[in-house]
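Notes follow once the structure below has been shown.
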Amino acid sequence: MASLARPRTDRMIAGVCSAIGRRFGISANVVRIIFVLSMLLPGPQILIYIGGWLLIPEEGSTRL
C-alpha cells in the first residue's frame, strides 16, 4: 500500500479523495462518488473532509 499523501496532480479540490484512493488501491473517482453519495446522509462529512485536508500531508512535503 502507498503512503497517505495528497497528490499534487490528481486532485479536484484538495486531493483528499485521491489520497485515500491511492492508499487503498482504488480509483479516486470511486472515492469521490462514495463521498458525494454520503453527503445525502446526515453526518459530519464536510468536517471530516476538512480534517483530512489539514491532517494529510501534501505529496513531497517534509511535514510528518
Side-chain angles (χ1 to χ4, degrees):
M1 282 190 189
S3 64
L4 188 60
R6 294 183 297 117
R8 293 181 184 267
T9 56
D10 183 30
R11 56 169 64 175
M12 289 266 189
I13 297 174
V16 175
C17 292
S18 182
I20 292 170
R22 286 184 180 187
R23 173 69 170 97
F24 293 107
I26 57 177
S27 170
N29 289 329
V30 171
V31 178
R32 290 177 183 125
I33 290 169
I34 291 170
F35 178 75
V36 168
L37 290 175
S38 77
M39 295 299 289
L40 300 173
L41 302 170
Q45 292 88 337
I46 292 294
L47 296 176
I48 291 170
Y49 189 88
I50 292 171
W53 191 349
L54 295 173
L55 297 175
I56 299 172
E58 191 168 350
E59 189 175 60
S61 70
T62 57
R63 187 177 81 170
L64 294 175

Test log, rule salt bridge (Lys or Arg N to Asp or Glu O under 4.0 Å), inputs Arg8 and Glu58: CA-CA 7 Å; Arg8 293 181 184 267; Glu58 191 168 350; 3.3 Å; yes
Check against side-chain contact (heavy atoms from CB on, under 4.5 Å), Met39 and Ile46: CA-CA 8 Å; Met39 295 299 289; Ile46 292 294; 3.5 Å; yes
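Counting only distance, with no hydrogens or angles, the side chain of Ser38 and the backbone of Phe35 share a donor-acceptor pair below 3.5 Å.
When hydrophobic residues (I, L, V, M, F, W, Y) are linked wherever their side-chain heavy atoms come within less than 4.5 Å, the members clustered with Val30 are Ile34.
Not counting sequence neighbours, Pro42 has no partner by the side-chain contact (heavy atoms from CB on, under 4.5 Å) test. Under the side-chain contact (heavy atoms from CB on, under 4.5 Å) criterion, Leu41 pairs with Gln45, not counting sequence neighbours. Legend: residues meeting side-chain contact (heavy atoms from CB on, under 4.5 Å) with Leu47, ordered by chain and number and at least two apart, are Pro44. Taking the side-chain contact (heavy atoms from CB on, under 4.5 Å) definition, one finds that Val36 meets it with nothing, sequence neighbours left out.
Of the inter-residue distances, the one linking Ser18 atom OG with Met12 atom CE reads 9.5 Å to the nearest 0.5 angstrom.
Residues Leu40 and Tyr49 do not share a hydrophobic cluster, defined by chaining ILVMFWY side chains whose heavy atoms lie under 4.5 Å apart. A continuous path of Ile, Leu, Val, Met, Phe, Trp and Tyr side chains, each step under 4.5 Å between heavy atoms, connects Val16 with Ile26, placing both in one hydrophobic cluster.
Within the 4.5 Å cutoff, the side chain of Val31 has no heavy atoms near those of the Phe24 side chain.
The salt bridge (charged side-chain N to carboxylate O under 4.0 Å, His left out) analysis of residues 26-44, with sequence neighbours excluded, yields the pairs Asp10-Arg32.
For the salt bridge (charged side-chain N to carboxylate O under 4.0 Å, His left out) with Glu59, the qualifying choice from Arg6, Arg22, Arg23 is Arg22, the only one to do so.
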